[in-house]
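The analysis underlying the following values was restricted to heavy atoms, covering all of them including side chains, and did not include hydrogens, waters or symmetry mates. Per chain, numbering begins at 1; letters A, B, ... match sequence-line order.
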Amino acid sequence: MDLTALANEQKDLAKLVRKYDDPSYTSPIVTGVDVAYAKDIAAGCAVVSNNYTNEIIDSSVIIKEIESDYIHGFFQLREGPIIIELIRSLEMQGIILVDGNGILHPRRFGLASYLGIKMDVQTIGVAKKLMLGEMGPGTGDSAEIIQDREVLGKVLWLNERKPIYVSIGHRITLDTAVKIVSESSVDGYPEVLRRAHKMSKEALNRYKD
DNA sequence: GCGACAG
DNA sequence: ATCTTGTCGC
């Protein structure tokens, strides 16, 4: 795998990322995707929920062989293929919350942006660790993440323990992304991502037996 | 070269 | 992410 060429491709595709909301309308449907691993096996799960009624609408699990190790800055190689399959398996996906970054990335093209461009869907990056950038002045429960005078995302303190880092994936504004993540969160973390994480691990353990 | 490093 | 038991805290 030629990472230099892939890095250049990321820079090119980053120019196609749309940092605007889809025309006048934001879907109440949110989807969380996550993947668990054991040896050379990956188990991925997608959970679809309605942000207003809070009910689970759909879910999907896929198990397949790992295609790549984790390479910092190239998370798409590891989780891209299985998540694309997951998204395809859903009848309706709404806005997709991804366990990782969107434009909060060295080349402004993290996994969430990759999936957004590749599948032409609305995506939001939700990371548990800060990948890069400095924190701007905080408002109490949030602060901008900045690098080279460019706002790349926001850190949210939705609980007392641990912040999360939100960034634009594709076809959304940062403000809307923050709003959706906040609304879908329970105890500081999006419930669809929590459920997808749990279900992918459960599926993996079932498979191993 | 060294260390840090989304998951 | 994963390897892993008991244990501290809400």
Across the strands shown, which category fits Asn101(A) at heavy-atom distances under 4.0 angstrom: base, sugar-phosphate, nothing?
base
Distance, rounded to the nearest Å, where Phe109(A) contributes CZ and dA6(B) contributes P:
19 Å
Check the phosphate of dA6(B) against Lys128(A), side-chain N and O only, distance under 4.0 Å to OP1 or OP2. Yes or no?
no
Interatomic distance, Met131(A) CE vs dC5(B) P [rounded to whole Å]:
11 Å
Which part of the nucleic acid, if any, lies within contact of Phe74(A), taking any heavy atom under 4.0 Å across all strands shown: a base, the sugar-phosphate backbone alone, or nothing?
base
Applying a 4.0 Å non-hydrogen cut-off, can you work out what Gly73(A) is touching in the nucleic acid: base, sugar-phosphate, or nothing?
base
Atom pair distance, as rounded to whole Å: CG in Asp34(A) and P in dA1(C):
7 Å
What is the nucleic acid contact for Leu111(A), judged by heavy atoms within less than 4.0 Å: base, sugar-phosphate only, or nothing?
base
Among Ile168(A), Leu174(A), Ile145(A), exactly one meets side-chain contact (heavy atoms from CB on, under 4.5 Å) together with Lys154(A). Which residue is that?
Leu174(A)
Please give, in whole Å, the distance from dG7(B) P to Leu193(A) CG?
11 Å
His170(A) and Val121(A) have their tightest heavy-atom pair at CD2-O, 3.5 Å
In whole angstroms, how far is the P atom of dA1(C) from the CD atom of Glu79(A)?
9 Å
With a non-hydrogen cut-off below 4.0 angstrom, is Phe75(A) in contact with a base, only sugar-phosphate, or nothing?
base
Roughly, in whole Å, what's the span from CZ in Arg108(A) to P in dA6(B)?
16 Å
Looking at Tyr70(A) and dA6(B), is any side-chain donor or acceptor paired with a base atom of the opposite kind under 3.5 Å?
yes
From the options dG7(B), dT2(C), dC3(C), select the nucleotide whose nearest atom is closest to the side chain of Lys208(A).
dC3(C)
Whole-Å distance separating the CG atom of Asp99(A) from the P atom of dT2(C)
11 Å
Separation of Leu97(A) atom CG from dA6(B) atom C1', in whole Å?
15 Å
With respect to the phosphate group of dT2(C), does any side-chain polar atom (N or O) of Lys201(A) fall under 4.0 Å of OP1 or OP2?
yes
Between Ser113(A) and Gly169(A) the two heavy atoms that sit nearest each other are OG-O, 2.8 Å
Could you state the interatomic distance from CD (Glu79(A)) to CZ (Phe74(A)), rounded to the nearest 0.5 Å?
16.0 Å
Checking all strands, does Ala36(A) fall into the base, sugar-phosphate, or nothing category for heavy-atom contacts under 4.0 angstrom?
sugar-phosphate
So, Asn205(A) side chain and Lys208(A) main chain: donor-acceptor pair closer than 3.5 Å or not?
no
